[in-house]
Amino acid sequence: MAPEIGKTKLDSGWITARSTEVSQSGVQLTTSHPPTASHPPWIPATVPGTVLGSLLKNKVIPDPFYGLGNEAIIDIADSGREYYTFWFFTTFHSNLSGNQHLDLNFRAINYSAEVYLNGHKMVLPKGMFRRHSLDVTGILHPDGQNMLAVLVHPPDNPGEIPPAGGQGGDHEIGKDVAAQYVEGWDWMIPIRDRNTGIWDEVSIYVTGPVKIIDPHLVSSFFDRYTRIYLHATVELENRSSWVADCTLNIQVTTETEGSVLLVEHLQSQHLSISPGAKVQYTFPQLFFYKPNLWWPNGMGKQSLYNVEITVDVKGYGESDSWKHPFGFRKIESSVDTTTGGRLFKVNGEPIFIRGGNWILSDGLLRLSKKRYETDIKFHADMNFNMIRCWGGGLAERPEFYHYCDIYGLLVWQEFWITGDCDGRGIPVSNINGPLDHDLFLLCARDTIKLLRNHCSLALWVGGNEQVPPPDINDALKNDLKLHPYFKTSNESNNSLKGARDPSQYLDGTRAYVQGSLWEGFAAGNGDFTDGPYEIQNPEDFFKDDFYSYGFNPEVGSVGMPVAATIRATMPPEGWTIPIVRKLSNSQIVEVPNPLWKYHKYIAYSKAGSVPYQIGLYGNPKDLDDFCEKAQLVNYNQYRALLEGWNSRMWTKYTGVLIWKTQNPWTGLRGQFYDHLHEQTAGFYGCRSAAEPIHVQLNLATYFIEVVNTTTDELSDVAIEASVWDLDGACPYYKVTDKLTVPAKRTQAIMEMKYPKSKNPKPVYFLLLKLYKTADYAIISRNFYWLHPRGGDYNLLESYKTKKIPLKIKSEIFIRGSTYEMQMTVKNNSKKPSSMKSLSFIYPPNDRQDNHIDHEMESNESVQDWSEEKSKVSVLQRIRRHFSQENDGRTLSETSGTDMGVAFFLHFSVHAAKDHKQEGEDTRILPVHYSDNYFSLVPGEELPIKISFEVPLGATPRITLRGWNYHRAHSIH
């Protein structure tokens, strides 16, 4: 039986060996001497993956991300390129019919390779960011059993690592078209094999006589986004020796709430293609009236339609098909005349950008759909709306963009230029960028075709803190020039008349900016005016002189993880906390242990301007104490950063991107979740500050502000402000009159009179609630711990002994291995009777349950997702009753005689174990929390949603701890 058309991934059954240890040739390996994993030097391989990834999986090398393990791995600069030149081998089965063709596809390799199939040699040319498609129809084995061997060579210029490290090592990697972070950075260790390997998807793809190549989808909008057209152009190749009479079909479908698939459009066109010819065909535009639009996170739903293109050949039948989810949206980007910052509009609406910089998911390129979904959902959970793919990392993969489409993250994608490696580093090197400019442009154009149909892709940028060489820059400007329709906000049909169809452009729908410090970013002229990158006083973010430009593409700070992560990623000698030295001028210096220094620890103080922030809570005693206090600092630091930008929304700023959101290894700086996928408290500080409607305290002016980033006026709302002291008393309580806040406006509401009033407490808590006056439903809740200027938080140390009574309700929903838990935590301390009874509701952008995961199809497109959704819709609901006595009650209560705030509570999920070894990590990760590191004033309750996947054979235990709650209340 002939195989069905379409793709089959080759992602299992691979083995690998160092080339210098293999005596057979590629011809012999794929004919007379096929290797097996049971015969050295061959070992099982991970494909997609890198050489180091396979060596690590087989425990041939230590874990480079654990402790100082990377120091025990030989660097390519010392070993030579041959040491990391590896064979990869697998087999596959394929029997074709007479009119079928089979392509062997490599979506990316690093850096070049020779391919042998059944004794026939082919070459994969250089370049880390290009696809390779080989028509192997004529060399398949007659019995269907095929042997494939790939000899992969490292980058041509892997460089050396200077003793002092540095940004991009000695910068030699910049001569190649490859990821530049692999020589190390101030946040990254060197990758010893420079990511050599078959690092992206390998597949075989069966077609009939006619093949579909790189369709391009574009939408245009008229009459205030009510009249919309879909444009589609496709390339077709006739690989037969006869004229192919084709029927080309395009179908657009959408799925309703009840999993019913609706056909929005179905169009067929007829054409003939000469033998061996390639033709480009543009469909007549498809008209839609008021389709659901795609919006960024926090602005609306991420509506996606399924577009399917098929080609039928007379006398054969269906020859090829292509599918991709598509979002109707228009993205505009220009320099704002008010602020000088870069302004992004989606569907005509300005978007205030709050997001982060992204390197890549994993430094060894252990990339997976599952890990990508966690990464992107984490960004959406933080209420971010943009990710910048930094130029020293990757052209991100379709799976990354797939989840950005689903969760509403706009993406700024840079090409592979950095100032450090391409002309502005120390020492200056590679002034003319990569050696092969034609190769760079080939990779760039192929990347554009790979990614252009993703609605989340918002901007192309030439490089990080540098522009490409003039010839490359000019070529990119020309290749990415906007179609006339996308040059203006004018919706007139005149912008389409007389012009080529927009889908005939290479892109034509998104702006190209030559560098990350140009054209509305930072000072806009290339000066190094991004940053800063270290700890700040929280109130400084609100000050007039903190940052002078409209859009900051990089501003960074600390990122210490929790203590469990330190124990999981370092041996015991890495569990010691920094020594704090006080200099003669009263300044503080932190001296971290060698492992923390190797893992790029960044200090929680700044000489001369920022006191030791962890020390404000009292000198840390041990690792647990240090990391818990670091989480308090993390929360305050990043909440204040974003709230400072919120305070000047549209008057001074158009956006900010934090450096960075995560680390591609076990680093200790600039992250909101660690490499194991455990969130820091900074994650939840960002989640609070970046919510679409937000109430906040301006730490410089002490005015309470309401931030409304949405397109709707906010009316009939009020603010409740309450101050609580460490004795549980409420010395200040204020409720405003009914308020109205215009759309897209930050509005100062009132000045906080406390602590300016008499006898302020040395440490106090402030709870702000923005609520609807009609039903008292809370729209935004924001909890602060504060001290008068010049003070500290030392009194919180004794506050740990407070015993606050809590009531905890729990309900579980189980679907296969996925657990979804609804927790409600209440502070059972009695609240003053004069306070209003406000109820918490989930904000509109909460997406614990409301997204549909559109399944990826392996030819860089997406399959119909109805089958996956039908699985999700079958929900097994199990209600369990928990209490410490297990007597069937639906809640648990903990006793406590003290009044006061239950401070800095946080949930975690563990695999239940009777006996645990020291340092053993029992955490179940990742976990998605609707909130964490939260505090409750007397009488207040808060719902928390928790979702996670349980490993096979594990029993989950949900644990609640807090600053003054040490009982580790657990739910099994």
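In the model, Asn782 has a side-chain atom that pairs as donor or acceptor with a side-chain atom of Glu643 under 3.5 Å. Remark: the Tyr819 side chain and the Glu949 side chain contain no N/O donor-acceptor pair separated by less than 3.5 Å. Side-chain contact check for Asn646 and His694: no donor-acceptor pair (N or O, by modelled atom type) lies under 3.5 Å. Between the side chains of Asn634 and Gln637, not a single donor N or O lies within less than 3.5 Å of an accepting N or O. In this model, a donor atom of one side chain and an acceptor atom of the other lie less than 3.5 Å apart for Gln671 and Asn663. If you check the side chains of Tyr598 and Glu71, you find a donor sitting under 3.5 Å from an acceptor.
Enclosure of atom NZ in Lys597 is not indicated, since only 12 or fewer non-hydrogen atoms of other residues, nucleotides or ligands lie within 6.0 angstrom. Applying the 6.0 Å contact sphere to CG of Asp622 captures more than 12 heavy atoms from other residues, nucleotides or ligands. Lys57 NZ: 12 or fewer foreign heavy atoms inside a 6.0 Å radius.
Using a 4.0 Å cut-off between charged side-chain N and carboxylate O, Arg371 and Asp362 make no salt bridge. Glu554 and Arg388 are joined by a salt bridge, as a carboxylate oxygen and a charged side-chain nitrogen come within less than 4.0 angstrom of each other. Between Lys369 and Glu399, no side-chain nitrogen of the basic residue sits less than 4.0 Å from a carboxylate oxygen of the acidic one, so the salt-bridge criterion is not met. Ion pairing of Glu820 with Lys945 is absent here, as no side-chain N (NZ or NE/NH1/NH2) approaches a carboxylate O to less than 4.0 Å.
At a threshold of 4.5 Å between non-hydrogen side-chain atoms, the residues Thr50 and Asn110 do not count as touching. Side-chain atoms of Pro611 and Ile588, non-hydrogen and from C-beta on, never get closer than 4.5 Å to each other. For the pair Phe948 and Val950, the minimum side-chain heavy-atom distance is below 4.5 Å. Between Trp963 and Leu905, the closest side-chain pair of non-hydrogen atoms is not below 4.5 Å. The shortest distance between side-chain heavy atoms of Met570 and Arg567 does not fall below 4.5 Å. Side-chain contact between Tyr617 and Val633 is present, with at least one heavy-atom pair separated by less than 4.5 Å.
The one candidate from Ser54, Pro664, Pro64 that meets the side chain to side chain contact (heavy atoms under 4.5 Å, CB included) condition with Leu364 is Pro64. With His906 as the fixed residue, the ring-ring contact (aromatic ring centres under 6.0 Å, His included) test singles out one of Phe934, Tyr929, Tyr933: Tyr933. Under the ring-ring contact (aromatic ring centres under 6.0 Å, His included) test applied with Phe626, the options Tyr612, Trp575, Trp596 reduce to a single match, Trp596. The one candidate from Phe672, Tyr407, Phe400, Trp358 that meets the ring-ring contact (aromatic ring centres under 6.0 Å, His included) condition with His379 is Trp358.
Considering OH of Tyr604 and CE of Met560, their distance stands at 7.0 Å, rounded to 0.5 Å.
Between Trp390 and Trp187, a ring centre-to-centre spacing shorter than 6.0 Å is recorded. Checked against the 6.0 Å centroid criterion, the rings of His402 and Tyr372 do not qualify as a close aromatic pair. With ring centers used as reference points, Trp785 lies under 6.0 Å from Tyr635.
Ring pair Phe541/Phe546 is perpendicular by interplanar angle, where above 60° counts as perpendicular and below 30° as parallel. Between Tyr533 and Trp659, the two ring planes are perpendicular [angle over 60°; tilted spans 30° to 60°].
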